[in-house]
Visitor: 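Quick one: the structure is below, and I'll ask about it shortly.
In what follows, every chain begins at residue 1, and chains take the letters A, B, ... in the order their sequences are listed.
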Protein chains: 2
Amino acid sequence: MTNQVKTRKKRDTHEKRQVILEGAVKVFIESGYDVSSMDKIAEVAGVSKRTVYNHFQSKENLFQAVVNDFLKQRDQQKPIEYSKTRSLEEQLKEFAEAELYLIDDPIRRGLSKFLTSVFVMDIEFGKKVRGQVKSPHESFINWLNSAQADGKLQFQSVQLAAQIFYGLVEGCLTYNALFSDGASLKFKEPILTELVSTFVSRYGVE
Amino acid sequence: MTNQVKTRKKRDTHEKRQVILEGAVKVFIESGYDVSSMDKIAEVAGVSKRTVYNHFQSKENLFQAVVNDFLKQRDQQKPIEYSKTRSLEEQLKEFAEAELYLIDDPIRRGLSKFLTSVFVMDIEFGKKVRGQVKSPHESFINWLNSAQADGKLQFQSVQLAAQIFYGLVEGCLTYNALFSDGASLKFKEPILTELVSTFVSRYGVE
DNA sequence: ATATTACACTGTACAGTGTAGTTTAATTAT
DNA sequence: ATAATTAAACTACACTGTACAGTGTAATAT
C-alpha cells in the first residue's frame, strides 16, 4: 500500500515575508544591526513577532535574507558593452553612474550604509559576501581591453587602470554620499565630469 | 574667618585612566560599540568595573574620550610646505602617505574601522566630530595654489582638484585597507605611484 | 488546515549603583 | 631619614532595572 497522505495546497506567504523583509530593512537602516530588536521589526512590519519567527529562524537569519535580497537586486544590472562610435567619456560616465546606482536611492543608500557598517567590523563576513557577487570590475576590465585594442586607450596594467577608475568614483562620490546621507550627490555632475576627464588624461591616446 | 580647609594633593590617576582607554580601544575595535560591554572593557584593562565608572560617567562618555584621544593624535601631523625644488610627484606622495598614517598601524586602522562603522550609521555625530578637526584638505589646497603660482600645475577649481586627489587616495587605498584589514596595503606602492602619476597627467603643465 | 495573532513567559546580558574593605601614596610625627 | 597617619583610589561583589532573543500556547482569521 502506498503511503498516501492527504496534502493540501499551502497558502501563499510570499507577501507577508516581503512585508517583514521591508520592515527589517527600515529598522536595520535606522539603527544598525545590534540596536534593532525583533519586537521593533515586527511592529514596523505590522506583523506579530511570532510571525516574524515563523518566517525566519533567527535575527541572524533575517539579516542574511535582507543581504541576499539586496545582492540579488544589485546583480541585475546589465553589462555595458564597448562601442567604437561613442566617445570614451560618455561610456566611462555610464560605468560611473552604474556604480552610483547603489547610493542614489534612499533605501539602497541606507542598505549600503548599513552593510558598510557591518562589513567594516566583520572582515570575514564581508569577504564571504563579496565572494558571492560578481564584481563590476570584471565587466570594466573587458571594456578597457576593448578600448586598448581599438587604439583609444593605452595602459601597462588593466588591473591598475581599473583600480584607478573605481578608486576615483568611490573615493570622490560613493563614500562621500554614504557619510553625508546623499547630500553630496547634489554636486555630483562637475565631479563626475572631472573624474572621467582625469582618467582620460592619464590613459587616453593623444 | 576664612574657610580654611585642609586640602590634600590628589594622587595621579592618569595612568589608570590611560589603561582604561587602551582597554576600551581594544574592545571597541574587536566588536563595535554596542557589543562591547563595560564588564569586558574592565576585564581587558585589568581594572575593576567600578574604577571604570569612577573615571568615566558612562559608556557613551568613555566612547567620547576614545574618540577625542584619537582625534588629538591625528591633529599632530605637521603640514607639508610647497617646495620649488622637489618634484611634484615626490611631494604629492607625501600627502598621500600622510593620509595613510591613519591606517598603516593596526590600532589606528582598527579605530578608523570602528569610527567608520559608527559615523556611517550616525551622520549627525559624524558631522559633529569632523567639524572639530581641521581637514587635511586645507593644507593641500594651499599647496595646490602654490604649485599653480609656481607654474607647475594648472586647474580651474582648487576644490575640485583637491577632491580628485583625496578621492584617488581614499578610493584606491584607504577604504580597501579598511575592508581588508590592511592586507591590501602590501601592494600599495604601485598604486601610490600610479595615482600620483594620474593626478599629474591631469593637472601638470606640459 | 494553515497562517497569523496576542500574550505570557524564560533566560540572559548588560548599564549602572552601593558598599564595605583594601591598597597606595602624600602628609605628618618621630 | 623613617615610621605612623590618613585620605584618595581602587577592588570585590552583590544588586537593580531593563531590554531583548527566542518559545509555547490557545484563540482567531483565511
Side-chain angles (χ1 to χ4, degrees), chain A residues 3-67 114 118 121-122 125, chain B residues 3-67 114 118 121-122 125:
Chain A
N3 211 342
Q4 174 87 24
V5 176
K6 241 184 286 184
T7 178
R8 193 187 179 99
K9 193 177 161 194
K10 293 204 174 173
R11 258 149 76 193
D12 181 28
T13 62
H14 196 78
E15 203 178 311
K16 270 272 148 64
R17 189 190 148 93
Q18 207 53 37
V19 164
I20 295 169
L21 281 173
E22 282 160 25
V25 166
K26 279 184 205 162
V27 178
F28 281 148
I29 284 178
E30 188 66 31
S31 324
Y33 182 79
D34 296 309
V35 176
S36 301
S37 75
M38 293 297 262
D39 289 86
K40 184 72 183 173
I41 290 171
E43 184 198 320
V44 168
V47 143
S48 81
K49 179 158 85 157
R50 208 59 182 79
T51 299
V52 175
Y53 276 102
N54 287 342
H55 282 269
F56 303 95
Q57 282 184 12
S58 65
K59 190 180 176 184
E60 179 79 23
N61 211 285
L62 174 54
F63 166 72
Q64 279 282 358
V66 166
V67 174
F114 171 56
V118 172
M121 287 308 287
D122 187 346
F125 180 62
Chain B
N3 210 340
Q4 174 86 26
V5 175
K6 239 183 287 185
T7 178
R8 173 180 269 252
K9 193 178 162 195
K10 295 209 172 169
R11 264 149 72 192
D12 181 28
T13 61
H14 198 79
E15 203 178 311
K16 270 272 148 67
R17 189 191 147 91
Q18 209 52 37
V19 164
I20 295 168
L21 280 173
E22 282 161 23
V25 166
K26 277 184 207 164
V27 178
F28 281 148
I29 284 178
E30 188 65 32
S31 324
Y33 182 78
D34 296 309
V35 176
S36 299
S37 76
M38 294 296 262
D39 289 85
K40 183 72 182 174
I41 290 172
E43 183 197 321
V44 168
V47 143
S48 80
K49 177 157 84 157
R50 209 60 181 76
T51 298
V52 175
Y53 276 100
N54 287 342
H55 283 268
F56 303 94
Q57 282 183 12
S58 64
K59 189 181 175 183
E60 179 79 22
N61 210 286
L62 174 53
F63 166 72
Q64 279 281 359
V66 166
V67 173
F114 171 57
V118 172
M121 288 309 288
D122 187 345
F125 180 63

Visitor: In whole Å, I'd like the distance from the NZ atom of A:K59 to the P atom of D:dT23.
Guide: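 It is 15 Å, rounded to the nearest whole Å.
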Visitor: Using whole Å, what does the distance between atom C1' of nucleotide C:dA15 and atom NZ of B:K40 come to?
Guide: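 Spelled out: NZ on B:K40 to C1' on C:dA15 is 17 Å.
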Visitor: To the nearest Å, how far apart are B:D34 CG and C:dA13 P?
Guide: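 My rounded result for the distance is 17 Å.
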Visitor: Return whichever of B:S36 or B:D12 has its heavy-atom-nearest nucleotide of DNA chain C closer to the 5' end.
Guide: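 Nearer the 5' end of the strand: B:S36.
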Visitor: Please report the distance, rounded to the nearest Å, between NE2 in B:H14 and P in D:dC10.
Guide: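 Between P of D:dC10 and NE2 of B:H14: 13 Å.
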Visitor: Take the protein atom CG of B:L62 and the nucleotide atom P of C:dC14, then report the distance between them rounded to whole Å.
Guide: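 So the two atoms are 16 Å apart, to the nearest Å.
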Visitor: Any side-chain heavy-atom pair from A:Q64 and A:F125 closer than 4.5 angstrom?
Guide: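 A:Q64 reaches A:F125 side chain to side chain.
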Visitor: Does a side-chain N or O from A:K16 land closer than 4.0 Å to OP1 or OP2 of C:dT5, or not?
Guide: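 Yes.
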Visitor: I want to check a possible cation-pi pair here: B:K59 against B:Y33, using under 6.0 Å from ring centre and within 45° of the ring axis as the test.
Guide: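 Verdict for B:Y33: a cation-pi partner in B:K59.
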Visitor: How close or far is atom P of C:dA3 from atom CZ of A:R17, stated in whole angstroms?
Guide: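 Taking CZ of A:R17 and P of C:dA3, I get 14 Å after rounding.
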Visitor: Rounded to whole angstroms, how far apart are CZ on A:F63 and P on D:dA21?
Guide: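 In whole Å, D:dA21 P and A:F63 CZ are 14 Å from each other.
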Visitor: To the nearest 0.5 angstrom, please state how far the CZ atom of B:R17 sits from the CD1 atom of B:I20.
Guide: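 It comes to 8.5 Å.
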Visitor: Looking at side-chain heavy atoms only, is the closest gap between B:V118 and B:F63 below 4.5 Å?
Guide: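 Yes. Closest side-chain heavy atoms under 4.5 Å.
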Visitor: What is the distance, to the nearest angstrom, from the CD atom on B:E43 to the P atom on C:dA13?
Guide: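 Interatomic distance, CD of B:E43 to P of C:dA13: 14 Å.
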Visitor: Would you mind reporting whether B:L62 and B:L21 have side-chain heavy atoms less than 4.5 Å apart?
Guide: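 Yes; the side chains approach each other to less than 4.5 Å.
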Visitor: Looking at residues 44-56 of chain A, who's got a heavy atom less than 4.0 Å off DNA chain D?
Guide: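 Heavy-atom contacts with DNA chain D come from A:K49, A:R50, A:Y53.
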Visitor: Any side-chain heavy atom of B:E22 within less than 4.5 Å of one from B:Q18?
Guide: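 Answer yes - side chains close enough.
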